[in-house]
J.: 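My questions will all concern the structure given below.
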There are 2 protein chains.
Amino acid sequence: MALVVQKYGGSSLESADRIKRVAERIVATKKAGNDVVVVCSAMGDTTDELLDLAQQVNPVPPEREMDMLLTAGERISNALVAMAISAHGFEAWSFTGSQAGVVTTGVHGNARIIDVTPSRVTEALDQGYIALVAGFQGVAQDTKDITTLGRGGSDTTAVALAAALNADACEIYSDVDGVYTADPRIVPNARKLDTIPYEEMLELAASGSKILHLRSVEYARRYGVPIRVRSSYSDKPGTTVAGSIEEIPVEQALITGVAHDRSEAKVTVTGVPDHAGAAGRIFRVIADAEIDIDMVLQNVSNTAGRTDITFTLSKANGPKAVAELEKLKGELEFDSVLYDDQVGKVSLVGAGMRSHPGVTATFCEALAKVGVNIEIINTSEIRISVLIRDAQLDDAVRAIHEAFELGGDEEAVVYAGSGR
Amino acid sequence: MALVVQKYGGSSLESADRIKRVAERIVATKKAGNDVVVVCSAMGDTTDELLDLAQQVNPVPPEREMDMLLTAGERISNALVAMAISAHGFEAWSFTGSQAGVVTTGVHGNARIIDVTPSRVTEALDQGYIALVAGFQGVAQDTKDITTLGRGGSDTTAVALAAALNADACEIYSDVDGVYTADPRIVPNARKLDTIPYEEMLELAASGSKILHLRSVEYARRYGVPIRVRSSYSDKPGTTVAGSIEEIPVEQALITGVAHDRSEAKVTVTGVPDHAGAAGRIFRVIADAEIDIDMVLQNVSNTAGRTDITFTLSKANGPKAVAELEKLKGELEFDSVLYDDQVGKVSLVGAGMRSHPGVTATFCEALAKVGVNIEIINTSEIRISVLIRDAQLDDAVRAIHEAFELGGDEEAVVYAGSGR
């Protein structure tokens with residue numbers, strides 16, 4: 001008998017009917033002779049509705065209470081799925097993150113899982129029950145306060161449980177039936193991948209692919225948990241995320257896909273005195289504000305011995321970052337802080353880059369051909385990313401996808417929406 | 001410095017604006033130099049919306065999951081109130097029932113509080129914070145599962161916390177500004193009471209008065225917690241529930257008020273063999289189904305040595321009770337089970353009854369005068385209740401209120417809705 005962990009995204013649970021469909025799939029898995037642990041996100045728009053309510057009562061709601069508020073969403077969806085399952089004559093118990101032993105750091109809104117001790121989940125399984133665990137949430141080790149894992153946190157909950165329970169499979173269900181060479185909504189002939197190694201999936205996730213949350217892939221890689229990305233609405237096998245690029249023979253290494261990201265903004269600190277430590281001070285201030293940055297660019301100093309420092313970050317953190325930097329102005333004596341949220345990022349990912357020197361050239365040529373200007377370029381061993389104008393993002397994705405001949409013959413099936 | 005426990009009902013929290021108003025009142029109490037603990041019900045219709053969702057996925061949802069589902073409502077409202085408070089520059093921490101140490105029995109949907117160990121609440125108060133506790137919910141002592149206290153459970157949470165924290169005051173806020181001699185929506189000149197002893201409030205609550213939940217008054221009486229019933233929308237002193245009728249000199253004892261109840265249904269088991277134990281079997285079956293009954297009537301046996309047994313219970317439990325009794329038919333050989341939900345109950349309450357023999361007569365005369373037929377009559381030392389036709393309930397309330405001259409001079413202010 002196998003132990004299967006299944007995670008269902010918010011769009012797969014947005015109505016009573018969809019919840020019933022999900023319950024049928026869970027029951028089918030149980031009937032097939034498996035032990036089943038299910039992780040559910042909040043129903044469709046619940047999270048946005050709660051965020052809206054919070055905004056109405058307090059424009060800057062305290063993060064501890066925000067976590068208390070948002071975690072109600074998963075609690076609701078999990079209880080409803082449990083009810084839908086029992087309508088089929090199967091016993092199901094739902095647990096909060098805390099009850100399931102998801103122990104985290106105390107950083108509200110963006111906690112990290114420290115440990116998973118799912119004794120109550122295994123208890124339920126031992127009694128033949130289907131166990132449901134509220135995704136996205138945990139309990140802080142020190143304060144015992146409720147925490148949330150940040151966007152996509154439910155994926156991480158599922159992978160962490162799969163690792164702790166030593167599950168045979170971890171299936172992530174959403175409204176897409178796998179990982180594609182590009183977003184099919186932008187590139188109609190994008191091709192579905194059957195398998196993808198962890199490193200490439202990490203790069204895609206870090207580059208804006210919404211299919212799996214970055215942290216969940218990191219977790220899966222660390223604990224060697226194979227993830228299957230599948231659609232809630234079909235029985236297609238989906239895409240398996242497993243294995244390392246190190247196992248791929250160089251000659252077989254390929255360019256895997258194109259990712260894009262509209263969620264970032266660009267901050268430029270101009271006229272920074274070009275002395276040692278200036279950049280350090282800037283990035284320390286940002287780090288102290290718990291803000292992650294992505295791309296970084298430092299210009300060559302001008303004759304006045306001053307330079308511009310540019311970096312990208314999530315739009316959500318933009319105002320906070322600007323405010324923090326303004327405070328630094330007196331101390332660091334730079335000219336000004338510029339903020340630009342009309343940017344987009346397009347990335348090409350593939351282990352094949354390591355053995356094919358021409359990739360960067362082809363990449364830039366493809367963009368030039370469609371008149372796209374590159375503002376920042378940033379590469380890893382298996383990824384090239386560039387920051388461009390937001391409005392040109394779709395053209396850029398199509399151009400690159402075509403230049404590297406990533407397309408398939410048939411058109412991809414596209415569903416709307418996406419879960420958390 | 002005083003410690004004040006305040007409870008706010010769902011209608012006082014039904015929108016972001018009302019939540020802000022509640023927050024202002026809480027902050028004002030804190031500014032006045034008090035320690036404040038707040039218990040909130042779920043926002044307005046949240047509970048009904050969740051119940052509706054549950055019905056859609058499973059007509060008979062498992063009670064454990066129902067509790068998991070419904071408790072999300074208080075979690076949301078409490079977090080939002082905490083956010084609204086912090087918008088005024090005051091720190092507020094919200095706690096789930098479990099975090100606040102509300103330990104209960106394991107009866108899902110109708111758990112009773114066994115113990116309250118609010119160490120995290122006192123911790124918050126010691127740090128100068130305002131503490132919020134999700135009402136209506138607790139954690140089962142044995143299973144550690146989430147439980148709910150049943151309708152009106154938030155009142156009980158507030159009183160239980162006030163007792164455990166040895167609070168100086170327990171204020172229950174809703175959309176009515178006190179306890180009236182009758183429902184002002186039915187009797188326009190109903191009079192607001194300044195004080196009412198526990199026993200009388202218990203009888204009113206047991207007789208259908210929605211102002212305070214029966215169990216919360218029982219709890220307040222046992223631990224000697226004075227309750228102040230106030231309106232969220234005014235600064236009127238409201239009604240104080242405290243003291244015992246034993247302390248009232250007989251000559252000052254009065255008739256206090258009229259209560260009515262539309263929530264009950266009537267079950268009649270006909271042709272029950274009139275032998276010892278028959279009635280016992282019937283009520284055992286009902287009790288084993290965790291169903292509370294109210295009024296009971298057993299007719300004199302007919303010549304065939306058979307009798308009818310009639311009792312009333314909450315409409316919500318009607319179908320369940322009928323089903324349980326039908327199972328008993330083979331064993332007990334009665335004729336049939338009749339179900340009637342077109343009934344209403346009207347009650348007169350007052351310590352003065354003990355010293356005024358004519359009360360029952362006046363009561364029945366008043367009903368006769370308006371053509372109301374009495375189906376069951378049931379009395380306690382300080383209460384008379386009768387079961388009548390639902391459609392005649394309003395007339396009956398007005399007739400009795402008038403017969404005992406309970407009215408005041410001014411018209412009562414009436415608000416819509418009522419919290420849980």
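Chain naming here is simple, since letters A, B, ... match the order of the sequence lines and numbering starts at 1 in each. We use all heavy atoms of the structure for the numbers below, so side chains are in, but hydrogens, waters and symmetry mates are not.
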J.: So, applying side chain to side chain contact (heavy atoms under 4.5 Å, CB included) with R75(A), which one of I76(B), L70(B), T71(B), L69(B) is it?
T.: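 Result: among I76(B), L70(B), T71(B), L69(B), T71(B) is the only option passing the side chain to side chain contact (heavy atoms under 4.5 Å, CB included) with R75(A).
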J.: With a 4.5 angstrom heavy-atom cut-off, could you sort out which part of D145(B) is near chain A: side chain, backbone, both or neither?
T.: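 Both the backbone and the side chain of D145(B) come within 4.5 Å of chain A.
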J.: What pair of heavy atoms forms the shortest contact from V57(A) to A87(B), and how long is it?
T.: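 Closest heavy-atom pair between V57(A) and A87(B): O-CB, 3.9 Å.
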J.: Compute both the distance and the angle, then confirm whether R64(B) meets the cation-pi test with Y129(A): under 6.0 Å from the six-membered ring centre, within 45 degrees of the axis.
T.: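 Here R64(B) fails the 6.0 Å and 45° test against Y129(A).
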J.: Side chain from CB out, backbone as N, CA, C, O: work out which of these in L53(A) comes under 4.5 Å of a heavy atom of chain B, or both, or neither.
T.: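 Both parts, backbone and side chain.
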J.: For a quick test of reading the model, state the closest non-hydrogen atom pair linking E65(B) to A92(A) and the distance between them.
T.: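 Heavy atoms of E65(B) and A92(A) come nearest at OE2-O, 3.5 Å.
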J.: So for M43(B), is it side chain, backbone, both, or neither that comes closer than 4.5 Å to the heavy atoms of chain A?
T.: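 When you check distances to chain A, only side chain atoms of M43(B) fall under 4.5 Å.
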J.: Checking Q99(A) against I146(B) for the side chain to side chain contact (heavy atoms under 4.5 Å, CB included) test, could you report, in this order, the C-alpha distance in whole Å, the side-chain angles of both residues, the deciding distance, and whether it holds?
T.: CA-CA 10 Å; Q99(A) 290 176 329; I146(B) 308 293; 3.7 Å; yes
J.: Give me the atom names and distance for the closest heavy-atom approach of M68(A) to S94(B).
T.: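 Nearest pair, atom of M68(A) first, then S94(B): CE-O, 3.1 Å.
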J.: Can you name the nearest heavy-atom pair linking A16(A) to Q56(B), along with the distance?
T.: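 Answer, listing the atom of A16(A) first, then Q56(B): CB-OE1, 3.2 Å.
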J.: I need the residue from A54(A), A23(A), S98(A) with the largest number of non-hydrogen atom pairs under 4.5 Å to chain B.
T.: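 When all of A54(A), A23(A), S98(A) are compared, A54(A) has the most.
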J.: Heavy atoms only, distances under 4.5 angstrom: which of S77(A), S15(A), S86(A), A134(A) has the most pairs with chain B? Name it, please.
T.: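 The option with the most such pairs is S86(A).
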J.: Looking at A84(A), is its backbone amide N or carbonyl O close enough to the side chain of N58(B) to form a donor-acceptor pair, meaning the two atoms are under 3.5 Å apart?
T.: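 Flag not set: sc N58(B) to bb A84(A) has no pair under 3.5 Å.
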